[in-house]
Amino acid sequence: MEKIVINGGNKLHGTVQISGAKNAAVAIIPGVILSDGICRIDNIPNIRDVNLMATILHQMGAKVNRINKSSLEIDPTYIREPVATCDLVRHMRASSYLMGALLGKFSRAEVALPGGCDFGVRPLDQHLKGFGILGAEHSVSGGVITVEAEKLVGGHVYLDVVSVGATINIMLAAARAEGKTVIENAAKEPHIVDLANFLNSMGAEIRGAGTDVIKINGVKRLSGTVYSIIPDQIEAGTYMVAAAATGGDVIVQNVITKHLESITAKLREMGVQVDEYEDSVRIRRTGTLRRCNVKTQPHPGFPTDMQPQIAALLSIASGTSIVNEAVWDNRFRYVDELKRMGAAISVDGKIAVIEGVEELNGAPVKATDLRAGAAMIIAALSARGTTQIEDIQHIERGYEEVVEKFAALGADIRRVYSNDSVIHSA
Ligand code: EPZ
């Protein structure tokens, strides 16, 4: 089993290049299914979830050609059956997007129920509500959900909950439906806008993405396209927080600063210097970190996917901070791991109270999920001594070349096998 080993205490310095956005890529790749031609997608992150999604399409019959490390060419016209029930589908939440894409193209979809990070219940009721309003029926049997419609007809969907996945799935299903679809109370994340722009580049007619009302005029055909994915807001935020945690001076390159506004504001509130440039931000921290309160919210609020990372930073801030996880029921599983490093955190439901400590101490910890793993790296980089992080497969799902990127910033970090023979001292 692979681990990440970090000797903490080095201040991070230098420039890190941000990769394409995971949560945009895992929506756009299924979106290719809607096309009647070949699509080339650039700035794709070389991470497990993206490669998994591309493999699923290949197993369905699509021709998938990796042009280079960050570009894929996909021809979906060879997909004959709207069926995605292979075991791989169960490994990630984004597999649910195959429902919307296959339904939108074939008026039918048979997809294995999705997996993904375990934050408690992750329902699909809003996705199915939207499909129902477009005229589709669904049934579940043997771990496979089947959604089908005589004909998909546009309708008016008012989401009961602001859901990224439901917004994406309904957009995918409605792009080629007959007539107009309106999604109200829609999610506004950057990857929603990126998917809408990708679909529009194929000839879709989607307006309002990025606001809470999205209007879609269904079209009969969608052509092939060439599209480049936006930079990853959460990867960028992770490196910003890591720079602050180590008291370093780091330029985070290839970002859209507007996507980082809530993260930048929170870091400045903590006394971190954040300078914004055209497509980069510079993070410096010399003094002590100030405590603050965080409440996660749908975009443009503070992203839930940055909650474990900011909590690791607050663990070494001066004073008491409160973190309110308002999106997920149970996204504090990583706290026990941070406490093994000396963090003083108490959790009650969706609230974590963090008493800042002078310094964390290295310890053997686990990555309990993708962003929790990122939080372990941040804590380990700032800690005194050595930290070993297990279950790093979670981290590799969403962070491209994470060890190499941190090592290039001066971190003492390497991957090792469980028998401790160093396989890669980056
Ligand atoms: C997406 O998950 C992201 N995953 C998550 O990021 C992210 O945490 C989440 O959006 C919120 O931003 C991907 O993009 C692949 P939701 P998703 O539907 O779509 C409730 C990461 O770290 N809900 O916006 O599953 C749900 O329980 C991952 O990259 C319903 O009640 O999230 C939750 O409380 C982890 N019914 C809230 O809405 C539904 O039908 C938000 O969920 C759907 C959701």
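Values reported hereafter were calculated over all heavy atoms of this structure, with side chains retained and with hydrogens, waters and symmetry mates removed. As the structure lists them, so they are numbered: ligands from 1, and atoms in each ligand from 1. For this chain, numbers begin at 1 and follow the sequence in order.
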Only distances under 3.5 Å count here; give the side-chain donor-acceptor pairs of residues 250-257 to other protein atoms, sequence neighbours excluded, each with its distance to 0.1 Å.
from, atom 1, to, atom 2, distance (Å)
Gln253, NE2, Asp279, OD1, 3.0
Gln253, NE2, Asp279, OD2, 3.4
Asn254, ND2, Ile18, O, 2.8

Could you tell me which residues satisfy side-chain hydrogen bond (donor to acceptor under 3.5 Å, both in side chains) with Asp348, sequence neighbours excluded, listed by chain and number? none

Mind checking side-chain hydrogen bond (donor to acceptor under 3.5 Å, both in side chains) for Thr167 and listing every partner two or more places apart, or none if nothing turns up? none

Report yes or no: do Arg90 and Ser95 form a side-chain donor-acceptor pair below 3.5 Å? no

Can Asn293 and Asn324 be counted as having a side-chain donor-acceptor contact under 3.5 angstrom?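 Per modelled atom types, Asn293 and Asn324 side chains form no pair under 3.5 Å.
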
With a 4.5 Å heavy-atom cut-off, do Thr320 and Val353 have their side chains touching?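 Result yes, sub-4.5 Å side-chain heavy-atom pair found.
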
For a quick check: using heavy atoms under 4.0 Å, what are the residues in contact with ligand 1, sorted by chain and number? Lys22, Asn23, Arg93, Tyr97, Phe119, Val121, Arg122, Pro123, Leu124, Asp125, Gln126, His127, Val161, Val162, Ser163, Val164, Gly165, Thr304, Asp305, Val327, Trp328, Arg331, Leu370, Arg371

